[in-house]
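To start, the structure under review is shown below, and the notes come after it.
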4 protein chains.
Amino acid sequence: MGSISNTNSLYINSPAEKTHAPGKTKIMAALRSLLEDKEFVSVTTAEIARTAGVTEALIYKYFHDKRDLLHQVLAEYLGVMIVRAEMDVRGIKGALHQLRKLIWSHVNMYADNRVFARILLIEVRNHPDYFHSDAYRMVKYYTNFLLALIEKGVEEGSIRNDIPTAAVRQTILGAIEHACLPALIFNHPILTDEVSDHICEMIFTGIVTRGD
Amino acid sequence: MGSISNTNSLYINSPAEKTHAPGKTKIMAALRSLLEDKEFVSVTTAEIARTAGVTEALIYKYFHDKRDLLHQVLAEYLGVMIVRAEMDVRGIKGALHQLRKLIWSHVNMYADNRVFARILLIEVRNHPDYFHSDAYRMVKYYTNFLLALIEKGVEEGSIRNDIPTAAVRQTILGAIEHACLPALIFNHPILTDEVSDHICEMIFTGIVTRGD
Amino acid sequence: MGSISNTNSLYINSPAEKTHAPGKTKIMAALRSLLEDKEFVSVTTAEIARTAGVTEALIYKYFHDKRDLLHQVLAEYLGVMIVRAEMDVRGIKGALHQLRKLIWSHVNMYADNRVFARILLIEVRNHPDYFHSDAYRMVKYYTNFLLALIEKGVEEGSIRNDIPTAAVRQTILGAIEHACLPALIFNHPILTDEVSDHICEMIFTGIVTRGD
Amino acid sequence: MGSISNTNSLYINSPAEKTHAPGKTKIMAALRSLLEDKEFVSVTTAEIARTAGVTEALIYKYFHDKRDLLHQVLAEYLGVMIVRAEMDVRGIKGALHQLRKLIWSHVNMYADNRVFARILLIEVRNHPDYFHSDAYRMVKYYTNFLLALIEKGVEEGSIRNDIPTAAVRQTILGAIEHACLPALIFNHPILTDEVSDHICEMIFTGIVTRGD
DNA sequence: AATGAATGAGAATTCATTCAT
DNA sequence: GATGAATGAATTCTCATTCAT
């Protein structure tokens with residue numbers, strides 16, 4: 001598990017920290033904490049308030065409803081993820097190496113922030129509200145960033161141009177999800193290095209132009 | 001236990017059908033049907049009753065509580081799965097070929113009965129009641145059957161004897177789950193042939209004694 | 001506690017026994033048995049049926065409703081009580097000695113049949129249906145019998161004639177109840193000899209004409 | 001704890017009044033009021049809410065469950081009883097006279113607050129929760145107070161020392177219950193002076209050291 | 001910026017009772 | 001003489017949400 005990460009703590013880079021009112025911060029922290037042990041549906045607003053040390057009513061001052069709170073928590077994580085992703089690929093030469101790093105970074109984000117991963121991969125997708133949320137917009141921003149990287153690879157000639165870049169992106173994201181979901185559901189650790197190597201091996205051997 | 005059944009549809013040959021009171025059958029069918037679209041927790045007893053065309057009270061005549069209903073639905077599926085598994089390996093020569101067939105049969109069961117797969121892989125595991133249920137006993141019966149097959153392979157010399165048979169079993173079951181879960185959660189189809197081939201390739205290349 | 005009582009078992013004298021259909025008998029026995037441990041309101045018809053080894057529906061073949069069953073059980077006890085009371089005063093000379101015996105017999109009936117006592121003193125009184133029941137008619141028959149005894153005492157000159165006989169009767173019945181109720185509620189034994197002596201002492205010293 | 005209170009009405013001096021939220025106060029008052037006419041088991045939460053003029057949900061904001069409400073109502077009464085008891089024995093010389101007063105005060109409390117008496121003597125004892133409640137702790141506090149009084153009598157020489165003080169206490173409490181229960185159940189008035197005189201006569205003639 | 005008080009809609013579960021066979 | 005199947009109405013309790021202060 002060893003490596004980088006002096007950006008390991010979520011909130012060092014979080015712009016949120018400074019802007020939020022203390023109550024809002026406490027509420028979001030409370031939900032994050034509760035989601036470590038239970039699913040969103042079985043977390044009650046009463047519990048959130050109790051954990052946060054505020055009243056239930058305050059939740060509704062800052063959040064439109066319980067799901068909006070979930071979306072804002074997710075958005076906060078996504079903010080960190082995006083900042084990190086953009087940082088992580090800097091100083092790396094070659095789209096393919098950048099992509100490998102991005103995949104590693106992505107898996108690592110899930111490994112270090114299982115609550116985040118669970119929200120993103122399990123909790124929000126059912127509910128239609130999600131697709132109108134800021135969080136969803138951030139996800140799209142992130143996937144566009146990934147797409148841009150793939151396109152750069154194609155332009156560079158390091159990635160095959162006979163597969164639609166969007167399909168490549170979906171395969172990558174699918175592989176990551178696929179690899180992490182059971183671990184998230186059954187509470188096993190995600191071994192970042194192993195998982196991301198595995199994925200890269202499979203994806204790259206498939207999509208990389210065979211230099212021969 | 002042996003007889004009938006190499007058919008696809010779960011309920012045509014189900015002995016359950018005749019034995020249950022009509023209300024009980026309708027209630028179980030209603031839950032199965034509702035679980036196609038939503039998770040167990042968000043299915044209400046009122047909905048089950050309405051869907052079944054009976055009153056809520058009747059549910060409690062036949063089932064101890066809502067979870068017991070879930071467990072009985074699961075048990076019914078498991079009954080079919082076990083009968084099928086035992087049938088499917090008959091007439092096949094060699095433990096390895098039997099094992100391949102059993103894996104195929106297992107994946108196929110999930111592919112054809114997604115509700116069953118979701119109950120087994122997602123819904124029941126949290127709750128401690130499950131581990132005291134008949135359903136759980138049937139699962140253990142099934143996994144013992146799988147274990148016996150592996151042990152036969154070891155005796156035959158077709159499966160390596162330097163890996164504990166229990167570990168082999170767990171790897172197989174884990175691989176199947178791992179392969180099916182994302183499809184179940186995101187409502188994608190499970191491609192039985194592809195998935196089971198994939199798993200067998202990975203597992204067999206690892207566990208088969210290299211004859212050379 | 002020792003004395004008489006080869007009429008201790010309720011059903012030796014019960015005319016009921018022969019007349020009832022087996023199902024009816026079992027249902028009544030079941031209720032009696034259940035009332036040993038819980039109040040009538042918290043005994044369910046399902047429990048009664050289960051205990052009796054019959055179906056709930058059968059209860060409604062023989063009894064108009066749950067309370068009717070209670071009343072019939074009570075009536076059966078009252079039948080025994082009346083038969084016994086009438087027997088017990090025979091062969092005794094003097095209304096006062098008969099009265100003493102009757103009081104003893106009454107308390108003894110409660111002591112030996114606590115379920116009966118509880119039904120009569122606690123369970124039936126609230127509900128208006130009781131006052132239209134056969135059981136209530138039997139109670140009135142019994143209290144008339146007691147009244148007749150008191151009147152005989154007055155005629156004999158052994159009981160004061162300056163107190164209305166009805167008031168005397170009420171005082172006696174009140175004293176018995178008063179003495180037995182706490183024991184019934186808190187599940188202590190009723191010590192027949194002690195209790196009836198106590199009552200007679202109090203009542204008699206009050207109501208008996210002072211021979212001086 | 002000492003102050004105020006030689007008044008009859010429970011709630012004039014009750015400290016509870018000011019501290020409780022209006023809804024909580026109304027709910028407790030509603031239960032008290034309903035218990036005048038029916039037993040606890042047949043009082044529904046719907047009724048309580050309707051009587052209180054609040055919603056059922058509010059009950060569960062202030063009370064853990066229906067029984068907790070009962071226990072808190074009881075505790076409030078017990079608070080008054082304790083305050084009163086401690087006041088009532090002040091300024092009285094001699095343990096025996098204090099004891100007589102305490103018995104009177106106890107019976108009077110039952111006579112004036114029949115609902116209280118019924119809760120304490122009838123409603124709570126079955127359920128095990130009671131023995132973990134604050135109310136139970138207060139009862140123990142009260143009975144310890146009574147015990148201390150008896151012990152003082154023994155030290156003074158006015159109460160026999162050859163009977164365990166605990167047994168004396170139990171006899172007193174038993175006699176009070178015994179005397180009040182039928183009145184409570186059958187809705188007759190409790191005549192404080194008469195009942196307490198009666199009890200003291202019986203108890204004292206037994207336990208007092210016969211001077212000469 | 002935060003709270004205390006209160007709510008309405010609905011959750012699972014219970015229970016006496018009915019009726020066709 | 002007895003049953004299996006089913007019900008309707010109620011019961012306790014939960015929970016996200018609102019609003020005046």
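Chain identifiers are assigned alphabetically (A, B, ...) following the order of the sequence lines, protein sequences preceding nucleic acid strands; residue numbering begins at 1 within each chain.
A distance-only check finds a donor-acceptor pair linking the side chain of Arg118(D) to the backbone of Glu36(D) [under 3.5 Å]. When atom types are taken as modelled, the side chain of Arg125(C) and the backbone of Ile119(C) share no donor-acceptor pair closer than 3.5 angstrom.
Residue-to-nucleotide proximity on DNA chain E shows that, of Lys66(C) and Lys26(D), the 5′-proximal contact is made by Lys26(D). Positionally, the nearest nucleotide of DNA chain E for His64(B) lies more toward the 5' end than for the other of Glu56(C) and His64(B). Nearest-nucleotide assignment on DNA chain F puts the 5′-proximal partner with Pro22(C), out of Pro22(C) and Val54(B).
In this structure, CD1 of Ile27(B) is placed 14 Å from C1' of dA12(E), rounded to the nearest angstrom. In this structure, CZ of Arg67(C) is placed 10 Å from P of dT17(E), rounded to the nearest angstrom. The CD-C1' distance, from Glu47(D) to dT12(F), rounds to 14 Å in whole Å. Residue Lys24(A) contributes atom NZ, which lies 13 Å from atom C1' of dA1(E) at whole-angstrom precision. For the pair Asp65(B) CG and dT14(E) P, the computed distance is 8 Å after rounding to whole Å. Taking atom CZ of residue Arg50(B) and atom C1' of nucleotide dG8(F), one finds them 16 Å apart after rounding to whole Å. Atom C1' of nucleotide dC15(F) and atom CG of Leu58(D) are separated by 14 Å, given to the nearest angstrom. In this structure, Ile59(B) places its CD1 atom 13 Å from C1' of dT7(F), rounding to the nearest Å.
For Thr51(C) against Ser33(C), the heavy-atom pair with the smallest separation is CG2-OG, 4.5 Å. Annotation for Val115(D) and Arg32(D): closest pair CG2-O, 3.6 Å, computed over non-hydrogen atoms. Listed here is the closest heavy atom pair of Val43(A) and Lys66(A): O-NZ, 2.8 Å.
Nucleic acid contact for Val43(B): sugar-phosphate only, since backbone atoms but no base atoms lie under 4.0 Å from a heavy atom of the residue. Within the nucleic acid shown, Thr45(C) comes within 4.0 Å of at least one base atom, counting heavy atoms only. The residue Thr55(C) sits close to a base: some heavy atom pair falls under 4.0 Å.
Listed candidates were dT18(F), dG8(F), dA6(E). Nearest to the side chain of Ala57(A) is dT18(F). Considering only the side chain of Ala21(D), dA6(E) comes nearest among dA5(F), dT17(F), dA6(E).
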Please lay out, stage by stage, how Phe116(C) and Val73(C) fare under the test side chain to side chain contact (heavy atoms under 4.5 Å, CB included).
CA-CA 8 Å; Phe116(C) 162 59; Val73(C) 166; over 6 Å; no
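As the counterpart of dT21(E), dA2(F) is assigned, both hydrogen-bonding distances of the Watson-Crick or G-U wobble pattern falling under 3.5 Å. Pairing for dT11(F) is with dA12(E), a Watson-Crick or G-U wobble pair whose two hydrogen-bonding atom distances lie under 3.5 Å.
The shortest distance between the side-chain N/O atoms of Lys61(B) and the OP1/OP2 oxygens of dA6(F) is not below 4.0 Å. One finds a side-chain N or O of Tyr62(A) lying less than 4.0 angstrom from the OP1 or OP2 phosphate oxygen of dA2(E). At dT18(E), none of the side-chain N or O atoms of Tyr60(C) fall inside 4.0 Å of OP1 or OP2 (strictly under the cut-off).
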